[in-house]
Structure formats: structure tokens, C-alpha cells
Amino acid sequence: MSSFKRRLVFLTVNSSFSHSSLALSLLHSACSGLTEWEWHRCDITTAQDSLNAVREIYACRCDLLVTSLYLFNRQKALEILQRYHTLAPECRIAAGGPECLGSGAQELLDEYPWLDCVFRGEGEEMFRYYLENFDTFDRTQNRILPAEGNGVYKEWTSSSYPVNDPFFVTDKPFVQLESSRGCPMHCFYCTSGSTAVRYRTLSQVREELSLLSAQGVKEVRILDRTFNVPQERGAALLKLFREEFPQMRFHLELHPQFLNDALRQELLQALPGQLHIEAGVQCFDQEVQNLSGRRSCVEALKEGVEFLCSIPAFETHTDLIAGLPGQSFEHILKDTGTLLKLNAAEIQLEVLKVLPGTPMREVALQHGLRYNPAAPYDVMMSNTISLEEIQQVRDLSRLLDLTCNHKDLHSTVVLMNEELPDFVARILSFFHEAKGNSATLWDLKKRFLFLFDICRKENLERSQRELACHWLLAGFPPGQGPDEYSEKCKFPPVQVRLISGTDACLGLPETRFWRLPLPNCTCYFAYNRSFALHLPAAVWLSDDE
């Protein structure tokens, strides 16, 4: 038997060092037994130099270069592939990933004719076939696999766990785990919409988590598109996480409409900090939901978000999409205000991306969706939202990240929304009047002063007091900025309770105390540079005096 081995290099382009892709582990595991192939990896981030990656790949003198293309890495990955093709035109180059779905596969081949083959859909079975037939593969007829539709790996539920593969990475802040594939929802904008759903059994999930735990993994991101459907399965998995893997932290994507009693009980029993919930809202308007294929019941959706946000054991992050069919700018302002009222820990507002292989491309013309024909395929206008309004959405998204989604400012923004009618439109208007951009609010102090300016102009005293409290907690000096309420005082009264810092600063001659009255309580701050240079050395809370 010949000892000759072909060399394969898998290029992984991640968004940051903290991320890793499952693609290499999944494909390598699916191709076990193909001993005539020698596998190598090249890992970089989108911020790293392309030429260094090309040099690393070139040193391998590979026969096949493969990568997985996503929205975020497409440009960088294709640049590296094209550079390498120029240096080694005899090497075959293949690609898969979400960018190859639907018409995206042919579009890639048309733009990059040096690509040997493009895999459309779940790649394990297709890629093994390609390697097995590498020498006889018809490069003129079969450049897209499969020829029609998107491939589905039907044997996935019985396949080996990625953690068992030598290319699986466990030295990053988190790992990814699939407990299901596909999605039962029919959202037009999603690459998984209407894809056949397959589930790992509860015992399989338990086994995979045990293997991850044995390797020291502490944080797991569950990749299931809709973790809580079926609801009974979602509840059983939550119980498994809580009872058998309390040392692990899990990131989950839930559909807020589907929360039956069993799920609610499990969520209410969640261990503090074990769960990080992402709730897909997208839009609270029923017609927009219907036109987008999601067809959620908006009242049930809203009630579900309210329930999730009421649970103190975890934070609920919420998603909104702008530019959906039939959606107006007023919808976006209203939905943002609703989520502030529900006290969502984070509001992620993104412009719709009309992705390759999604039904949204088929209905785009009908709704006047004008989107970038190149990645990231973002909507620029539609029949119901203008180009100028899309820019305002982008400004609002950045404002939310800089204010509402920051831990020192979140509660103030929520209170401002309660005090000020049309707050979302007003904060955006203040931002534009100040000729603001994200750079002007990059510094945390400037963000405090921006919100302070709104409080003063709109006479929002409750919000300003809340802002003053967080100004002091963040380490800014008493009596400055939004803090017009605190005053020097002596030792805090006996009935206070310590909420941060240490009582050790009490009784020391250099300790100074400040008192800040709030609507329902009073805060006391102790300052001593020996304990903390800028932050309060201790903070106490008392009920109304």
C-alpha cells in the first residue's frame, strides 16, 4: 500500500481570539478513516494580517485548501484564498458555510472562478464524498455539492461529538455545542428557517457535557436556533444543566412566546449566573411578524419577555431587527421603548441582512427591500422605511450600546424612558442636535454628561438622582456632573446595610462620608484613598429616613 498522503489545510477565520469554529472538528470527525489525507489547520482572526496566513499555508504545500465562509469573515477569508491561489494555482480550493447557501454558491463561483468546489448546506457527508473521489472528481460538472437545494446531514444525531476530535479547541473562553440542528420556525431572514429539525437525546447531551467538563470547560454556547422548542425538551435540558452541571454557564437562544409551566418553573429555579438568555423579539407588530414568516403572537411574545426579564438569576438580552417587510421607523422606536419598559438587560438592534439562501431574497422585491448586494447584505431602504431612517436606526443601535447596555447607565436609561414620553425619539434627537457620533460618547464620563444634559433639559429629577448615584458608584467625584444632591456627612446611621466595599474604612480619620438621598432610600459613600483611589471604599443603603 502506498504511503503517499495528500495534504489538506483548513483555514479558520474567527472574529476574535475568544471565538473558535466547530467546522473543522465536525468535518475531520466525519472523514475519519480516510488515512490518505493529512490534515493541518491555520487559525487567524479578521484583524490579523492576511499575508502571514498565506505564508503559513504556503509552507504546508497542500493539495487542498478549505475554509468555511460566514458573513463576518467572508472578505478576509476570500482575500487569503485568492492570494494563495496566485502563489499556488495548482492547489485546489474549496469553501462551505452559510455564505454558500442557496444562490450564494453560484454567485461565489461566478465571482471567484478559481474555486474548485462549493459545499451548500451541512457539509459532513458532502465533504467526505469529495475527499473520497478527489482524483476522479469532475471539476467541470460538479462544482456545487449538492447540485440542488441545501444539504442536510441526516446522520448527525448518531455522529461523534466534536469534543472527541483532536482539532476541537477547549482553551478559549467558551465552546459551542449543538443539541439540535435545524429550526421549526419559518422566519424568512434565517438560514435555518424551515430546515429539518434533528435532536440529540438527553443522554447524548449529558454525555457530551460530561466530556467537556472533564476537559475543564466552564462556559458553553448552545447553538440551537430555538432552544425551548419543543418546550418539554427545553425544560428537561434546563433541569439537566442545573442539577448535573452547576459549575458550567450556558448561553441560550429562547423564543419568548413558548414558555409553558414546566419551562417557567425551571427558569425560576435557575442557579444565579448559570444562564445567559437571548430572547428573539425582532418586532412587536403582528403584521410585520406575519410578513417576515415568524408569525409570533405579539401579546404572548411581550408577556414572555416580561417574565424572562423579571427573573433575577440571569440577564435577558433581547434582539430587534430593523428593515423587515412592512416595518416603519415608528415601529422601531415603539419596540425599543417597550423593551426599556420591560427592563431588558440589553437591547441589540440590528439592520436586517438579506442573506443568501433565505426566503427573504424571494420576497425582497415585493416589499421594496433595497439591500447591499455584497456582504453584509444590509437593507438600505424599503417601501416603509427610508434611507435616512435606516441611518437613524444605526445611530440608535450605537446609542443603546453606549447607554442602555452599559451596566453603569442601564437603570438610569430605563427610568428616563419611564419619566419622559417618547424617550427613544427624544434621546436620538438630543444626539443629533449635539452633532453626536459614537466617538463623542466613547468615554464613559461623556456618556454620563450626555444623559445628565437630557435630564436637566427635560426636568427629569428622579432620573438625575439615579444617574448621580451611578456617577458616584463609577468612581466620579461627589458634587460634580449629575451629582447635585449629595452632601458631606458624618458616620452612616446604624441601620444601614453595606452593599459594596468594606467596613474597615470606618473610624479612620482620613475617611470622608457623603450622603445621597434617593426617591425610596438613601445611599452613603465612604472615601479613603488607602482603600480605593477613585472608587468609594464602601457604600451603604438605608430605607427612607
Side-chain angles (χ1 to χ4, degrees), residues 71-72 185 187-191 193 253 255-256 278-296 298 301-302 305 316-342 344-356 358-405 413 417 422-432 436-438 441:
L71 185 70
F72 67 88
M185 310 304 294
C187 310
F188 292 166
Y189 45 77
C190 180
T191 56
E253 293 188 29
H255 192 313
E278 186 171 341
V281 174
Q282 322 318 356
C283 182
F284 280 121
D285 183 84
Q286 191 65 62
E287 183 181 3
V288 175
Q289 286 272 346
N290 295 344
L291 291 174
S292 302
R294 191 165 175 83
R295 302 184 185 279
S296 301
V298 295
L301 189 67
K302 192 178 300 183
V305 173
T316 297
H317 292 193
T318 53
D319 298 326
L320 291 176
I321 298 179
L324 293 166
Q327 185 186 43
S328 67
F329 185 57
E330 287 68 33
H331 284 134
I332 297 159
L333 296 177
K334 182 179 178 182
D335 292 347
T336 304
T338 298
L339 289 178
L340 286 171
K341 184 177 180 181
L342 296 176
E346 182 174 319
I347 303 172
Q348 297 174 338
L349 172 60
E350 299 290 340
V351 175
L352 174 66
K353 297 172 178 61
V354 186
L355 301 171
T358 61
M360 190 61 75
R361 289 210 167 187
E362 300 171 13
V363 301
L365 184 63
Q366 174 186 344
H367 299 288
L369 298 182
R370 308 284 182 85
Y371 61 91
N372 186 350
Y377 316 109
D378 50 309
V379 167
M380 296 178 286
M381 66 166 56
S382 74
N383 289 341
T384 51
I385 193 166
S386 69
L387 177 62
E388 176 61 31
E389 288 169 333
I390 285 291
Q391 181 55 52
Q392 291 198 53
V393 167
R394 293 180 181 277
D395 291 342
L396 177 57
S397 175
R398 190 64 182 137
L399 265 179
L400 290 171
D401 282 341
L402 292 170
T403 58
C404 167
N405 297 343
V413 174
N417 182 65
D422 300 320
F423 165 72
V424 180
R426 294 294 294 138
I427 190 174
L428 195 55
S429 176
F430 272 106
F431 183 68
H432 291 146
N437 56 54
S438 58
L441 297 181

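The structure presented is a predicted model; accordingly, all values stated were derived computationally and were not measured. Values below: all heavy atoms of this structure, side chains included; hydrogens, waters and symmetry mates excluded.
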List the atom of [X], the atom of [Y], and the distance in Å for their closest heavy-atom pair.
X      : Y      : result
Gln282 : Gln327 : O-NE2, 4.2 Å
Glu278 : Asp319 : OE2-OD2, 2.6 Å
Val281 : Leu339 : CG2-CD2, 4.3 Å
Asp285 : Val298 : C-CG1, 3.8 Å
Thr318 : Ala344 : OG1-CB, 3.6 Å
Ile427 : Leu399 : O-CD1, 3.9 Å

Under the side chain to side chain donor-acceptor pair (under 3.5 Å) test, which residues partner [X], sequence neighbours left out?
X      : answer
Asp422 : none
Thr338 : none
Glu253 : none
Glu350 : none

TODO: For residues Pro359 and Val363, determine if any side-chain heavy atom of one lies less than 4.5 Å from a side-chain heavy atom of the other.
DONE: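 No, side chains not in contact.
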Open item on the list: Quick one, Phe423 and Val413 - any side-chain contact, counting heavy atoms below 4.5 Å?
Closed with: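 Yes, at least one pair of side-chain atoms sits under 4.5 Å.
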Keeping [X] on the side-chain end and [Y] on the backbone end, is there a donor-acceptor pair under 3.5 Å?
X      : Y      : value
Ser429 : Ala425 : no
Gln289 : Ser296 : yes
Arg361 : Val354 : yes

Open item on the list: Run the side chain to side chain contact (heavy atoms under 4.5 Å, CB included) test on Arg370 and Leu387 for me, step by step, so that the C-alpha distance in whole Å, both residues' side-chain angles and the decisive distance to 0.1 Å come before the verdict.
Closed with: CA-CA 9 Å; Arg370 308 284 182 85; Leu387 177 62; over 6 Å; no
Can you tell me how far the [atom1] atom of [X] sits from the [atom2] atom of [Y], to the nearest 0.5 Å?
X      : Y      : atom1 : atom2 : answer
Phe431 : Thr403 : CZ    : OG1   : 10.0 Å
Leu355 : Tyr189 : CG    : OH    : 11.5 Å
Asn417 : Cys404 : CG    : SG    : 9.0 Å
Leu349 : Asp395 : CG    : CG    : 10.5 Å
Leu291 : Met360 : CG    : CE    : 9.0 Å
Ile332 : Cys283 : CD1   : SG    : 8.0 Å

Cut-off 3.5 Å, no hydrogens considered: what does the side-chain donor-acceptor table look like for residues 374-383, sequence neighbours left out?
residue: Tyr377; atom: OH; partner: Arg74; partner atom: NH1; Å: 3.1
residue: Tyr377; atom: OH; partner: Glu99; partner atom: OE1; Å: 2.4
residue: Asp378; atom: OD2; partner: Arg394; partner atom: NH2; Å: 2.5
residue: Ser382; atom: OG; partner: Thr384; partner atom: N; Å: 3.1
residue: Ser382; atom: OG; partner: Thr384; partner atom: OG1; Å: 3.3
residue: Ser382; atom: OG; partner: Ile385; partner atom: N; Å: 3.2
residue: Asn383; atom: ND2; partner: His367; partner atom: O; Å: 3.2

- [ ] Check side chain to side chain contact (heavy atoms under 4.5 Å, CB included) between Asn405 and all other residues, then give those that pass, not counting sequence neighbours.
- [x]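 Glu346, Ile347, Leu400, Asp401.
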Open item on the list: My understanding is that only residues two or more places apart in sequence, or in another chain, count here; which of them pass side chain to side chain contact (heavy atoms under 4.5 Å, CB included) with Glu388?
Closed with: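 By the side chain to side chain contact (heavy atoms under 4.5 Å, CB included) rule, Glu388 matches Ser386, Gln392.
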Open item on the list: Checking His331 now: which residues fulfil ring pair (Phe, Tyr, Trp, His ring centres under 6.0 Å) with it, not counting sequence neighbours?
Closed with: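 In terms of ring pair (Phe, Tyr, Trp, His ring centres under 6.0 Å), with neighbours along the sequence ignored, His331 is linked to no residue.
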Open item on the list: Show every salt bridge (charged side-chain N to carboxylate O under 4.0 Å, His left out) that has at least one partner inside residues 322-332, sequence neighbours left out.
Closed with: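 Pairs touching residues 322-332 that pass the test: none.
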- [ ] Could you check Lys341 against Lys302 for side chain to side chain contact (heavy atoms under 4.5 Å, CB included), going step by step and ending with a plain yes or no?
- [x] CA-CA 11 Å; Lys341 184 177 180 181; Lys302 192 178 300 183; over 6 Å; no
Task: Within 6.0 Å of CD in Gln391, more than 12 heavy atoms from elsewhere - done: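 Atom CD in Gln391 is packed in, count exceeds 12.
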Task: Cation-aromatic face contact Lys334/Phe284, 6.0 Å, 45 degrees - done: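 Checked: cation-pi criterion not met.
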